[in-house]
**Q** 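Dropping the structure in here first, questions after.
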Number of protein chains: 2
Amino acid sequence: MVHNGIEYGDMQLIAEVYDLLRYGAGFEPARLAALFEAWNGAELQSFLIEITARILVFPDADTGTPLVDRIQDVAEQKGTGRWTTQAALELGVPVPTLTAAVEARALSARRGLRLELASQYGGATRQDDPALADAARRALYAAKILAYAQGFDLLRRADRERGYGLRLDELARIWTGGCIIRARLLDTLRATWRSHPDGEHLLRAPDIAAVLGERIPSLRVTVAAAQARGIPVPALAASLAYFDAMRRDRLPAALVQAQRDFFGAHTYRRDDRDGSFHTEWAQG
Amino acid sequence: MVHNGIEYGDMQLIAEVYDLLRYGAGFEPARLAALFEAWNGAELQSFLIEITARILVFPDADTGTPLVDRIQDVAEQKGTGRWTTQAALELGVPVPTLTAAVEARALSARRGLRLELASQYGGATRQDDPALADAARRALYAAKILAYAQGFDLLRRADRERGYGLRLDELARIWTGGCIIRARLLDTLRATWRSHPDGEHLLRAPDIAAVLGERIPSLRVTVAAAQARGIPVPALAASLAYFDAMRRDRLPAALVQAQRDFFGAHTYRRDDRDGSFHTEWAQG
């Protein structure tokens, strides 16, 4: 089931990068196909990147133009991505990249409304930038790692809750065989989990930290380029927010706890002593 | 129930703006309290903004420093925000701002892990910018409208599905009385829904379009400022992606449909003719 959540995330991340490069930065389908094919020869090698390259040059029989341009932009779903998010919500595990992918599909279904809003508000803007291809490639790899980190985190929690006795390195191995998400990254992750079988989180592994340290700046550049152009990148942006929040020693959740205690006397914990506390804030 | 989803969104959006201004742009708590108090005199007027201003100057009895700085940054939840996201997932309605707020609370709970990752990766950076306060105010209002738009969209869909006979203007009126989300915006929304009782979506209303048209650029600036500093703004970024996707006449969901048809023969629809189609992509 988590496999399908990651699959949704992987597909959405690829779709966002395609969207940004094509409609935001002026890359034509044939050039994009060549780009994805080149990407498929290195760290991004995966079944989904490979088929994306092939899709982008597949012609419509009638017009000879790319068939993808004739396909209605409504992504359907059979519910398996949604189940991952639902399970994550119940276990209290954040999987924002996977969730953003599920919500992006639901949003795409509002096609009639979108067309009306497009005339009302105007759409995205294009600003050609050949250098964006390389930033996007590195951003995609970083975001993909963050999506897998979320998926493995969910599996780890479910395993601890229910005692499945999962071995994450074995799971990474199984996913390389015939699964839709098969990818070179899974070989890396298999090795990572084998070296850290009890690791609490993928981001703690030094080899992953080294890879992310190099690529997060490109993720930041890519998200900024998309947002400046009005190209929606919900899954890329959610991946960046996940990284920035997970490596934060102090989140504004303290303010949220204060608000909850103010209006509902829900109490709060303190950093400097044990116990639950309540304050009569209105008397301040 | 949707009330609580919006409440989660509202609280998270305020928390993100607070976080950006305080730790990203150098605003001290007393200055922020004065800022929120000023905001509470205009379009952002609301119970949650009012109590935020009061919280930020409430002193810890022992040290005299702001009590909020002693509160553990782990936001708890009783599940009501989660139910909204779960209902939205089942009805296929995208509510990404509300969902991001729920996931942000779950993420905050990983405090031990966050502290470890903070030493490993380093944290956010600060770059003072007094002008950011005004952009943040306008961004907060835009994002709040987008959060309400999502909540009302969910209500509308649930109403149609289950035949509650909801009147959205009446609901907006009810929420102004004693509810945690009571706010001046609800008076505006009440008038909007009264003028457009059968409106499909809040973003279609001309008065809302005018307000958003003026404030979306500030939302873009604010999100970019946070991401450049490494301050996580999942709910603000999700609001921006929601706007950009909802006003897009062509989403990369077409590529996702092509991928689904490639690997699973799930078929696709075309823009130019009726019916379901399948392509033998691998033979291209």
Side-chain angles (χ1 to χ4, degrees), chain A residues 11 15 18-19 51 55 58 68 70-75 82 89 92 94 96 99 103 106-108 113-115 117-118 120-121 123 180 200-201 203 209 220 224 227 230 232 234 237 241 244-259 262-263 268-272 281 284, chain B residues 11 15 18-19 51 55 58 68 70-75 82 89 92 94 96 99 103 106-108 113-115 117-118 120-121 123 180 200-201 203 209 220 224 227 230 232 234 237 241 244-259 262-263 268-272 281 284:
Chain A
M11 291 168 75
Y18 155 75
D19 193 23
I51 72 171
I55 286 165
F58 197 101
V68 71
R70 302 275 76 77
I71 294 179
Q72 203 170 81
D73 60 331
V74 171
R82 193 174 66 203
L89 284 168
T99 301
E103 294 200 292
L107 195 153
S108 76
L113 175 60
R114 283 194 286 109
L115 293 174
L117 292 171
Q120 199 174 347
Y121 290 91
I180 289 164
E200 190 190 347
H201 196 281
L203 296 187
R220 236 175 264 290
Q227 287 168 344
D244 280 336
M246 284 300 271
R247 55 94 184 234
R248 196 90 190 283
D249 59 356
R250 179 88 183 153
L251 283 172
L255 175 60
V256 170
Q257 282 296 84
Q259 290 170 332
F262 193 125
F263 65 66
Y268 57 86
R269 292 183 175 278
R270 292 178 61 113
D271 277 343
D272 53 0
W281 299 88
Chain B
M11 292 167 74
Y18 155 76
D19 193 23
I51 71 171
I55 287 166
F58 198 100
V68 71
R70 302 276 76 75
I71 295 179
Q72 204 170 81
D73 61 332
V74 171
R82 193 174 67 201
L89 285 168
T99 301
E103 294 200 292
L107 196 153
S108 77
L113 175 60
R114 283 194 287 108
L115 293 173
L117 292 171
Q120 199 173 348
Y121 289 92
I180 288 163
E200 190 191 347
H201 196 279
L203 296 187
R220 236 174 265 291
Q227 288 168 343
D244 280 336
M246 283 301 270
R247 56 93 185 234
R248 195 91 190 283
D249 58 356
R250 180 90 184 151
L251 283 173
L255 174 60
V256 171
Q257 282 297 84
Q259 289 170 333
F262 193 124
F263 66 66
Y268 57 85
R269 293 182 176 279
R270 291 178 62 114
D271 277 343
D272 53 0
W281 299 89

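For the numbers below, each heavy atom of this structure counts, side chains included, while hydrogens, waters and symmetry mates do not. Just so it is clear: chains get the letters A, B, ... in the order the sequence lines come, proteins before strands, and each one is counted from 1.
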**Q** Looking only at heavy atoms, which two atoms of F58(B) and W281(A) are closest? And how far apart?
**A**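 Heavy atoms only, the tightest pair is CE1-O, 3.5 Å.
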**Q** Go through the atoms of Q120(B) and report whether side chain, backbone, both or neither lie under 4.5 Å from a heavy atom of chain A.
**A**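 Looking at Q120(B), just its side chain touches chain A.
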**Q** Given a strict heavy-atom distance threshold of 4.5 Å, which part of Y121(B) is in contact with chain A: side chain, backbone, both, or neither?
**A**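 Both parts, heavy atoms under 4.5 Å.
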**Q** Would you check if the side chain of R220(B) reaches a backbone N or O of Q227(A) as a donor-acceptor pair within less than 3.5 Å?
**A**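 Answer holds: yes.
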**Q** Hey, are the side chains of R70(B) and D271(A) touching, using non-hydrogen atoms and a 4.5 Å cut-off?
**A**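 They are not in side-chain contact.
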**Q** Would you compute the distance between atom CD of Q72(B) and atom CG of D272(A) and round it to the nearest 0.5 angstrom?
**A**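 The distance works out to 10.0 Å.
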**Q** Taking all non-hydrogen atoms of both residues, which atom of R248(A) and which atom of P232(B) are closest, and how far apart?
**A**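 That closest heavy-atom pairing would be NH1-CD, 3.7 Å.
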**Q** Please identify, among L115(A), L107(A), V256(A), the residue contributing the most non-hydrogen atom pairs under 4.5 Å to chain B.
**A**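 Option with the top pair count is L107(A).
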**Q** With Y268(A), which residues qualify under ring pair (Phe, Tyr, Trp, His ring centres under 6.0 Å), at least two apart?
**A**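 Listed in chain order: nothing, the list is empty.
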**Q** Taking side chain as everything from C-beta outward and backbone as N, CA, C, O, which of these in V74(B) sits under 4.5 Å from a heavy atom of chain A? Side chain, backbone, both or neither.
**A**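 For V74(B), the backbone is the part near chain A, not the side chain.
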**Q** Does the side chain of L89(B) reach to within under 4.5 Å of the side chain of L89(A), using non-hydrogen atoms?
**A**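 Touching, per the 4.5 Å side-chain cut-off.
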**Q** Please find the pair of heavy atoms, one from A253(A) and one from S108(B), that lie closest to each other, and give the distance.
**A**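 What the structure gives for the nearest pair is CB-CB, 3.6 Å.
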**Q** Charged N to carboxylate O below 4.0 Å: is that the case for D19(B) and R250(A)?
**A**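 A salt bridge is absent here (no side-chain N lies under 4.0 Å from a carboxylate O).
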**Q** For R247(B) and R114(A), indicate whether the former's side chain and the latter's backbone hold a donor-acceptor pair under 3.5 Å.
**A**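 No; zero donor-acceptor contacts below 3.5 Å.
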**Q** Examine whether an atom of L251(A) lies under 4.5 Å from a heavy atom of chain B, and if so say whether it belongs to the side chain, the backbone or both; otherwise answer neither.
**A**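 For L251(A), heavy atoms of backbone and side chain both lie under 4.5 Å from chain B.
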**Q** So which residue, A118(A), G230(A), G92(A), A237(A), ends up with the most heavy-atom pairs under 4.5 Å with chain B?
**A**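 Most heavy-atom pairs under 4.5 Å with chain B: G230(A).
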**Q** Atom CG of L113(B) and atom CE of M246(A): how far apart are they, to the nearest 0.5 Å?
**A**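 With rounding to 0.5 Å, CG (L113(B)) is 4.0 Å from CE (M246(A)).
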**Q** Would you check if R269(A) and I71(B) make a side-chain contact, meaning some heavy-atom pair closer than 4.5 Å?
**A**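 Of all side-chain heavy-atom pairs linking I71(B) with R269(A), none is under 4.5 Å.
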**Q** If you count heavy-atom pairs under 4.5 Å with chain B, which of Q259(A), E200(A), R82(A) comes out on top?
**A**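 That would be Q259(A).
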**Q** Which heavy atom of A15(B) sits nearest to which heavy atom of P252(A), and what is that distance?
**A**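 A15(B) and P252(A) have their closest heavy atoms at O-CB, 3.4 Å.
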**Q** Does D249(B) have any salt bridge (charged side-chain N to carboxylate O under 4.0 Å, His left out) partners at least two apart in sequence or in another chain, and if so, which?
**A**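 If we apply the salt bridge (charged side-chain N to carboxylate O under 4.0 Å, His left out) test to D249(B), skipping adjacent residues, there are no hits.
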**Q** Is the shortest heavy-atom distance from the side chain of L255(A) to the side chain of I55(B) under 4.5 Å?
**A**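 They are in side-chain contact.
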**Q** Heavy atoms only, distances under 4.5 angstrom: which of A106(B), P94(B), A241(B) has the most pairs with chain A? Name it, please.
**A**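 Option with the greatest count: P94(B).
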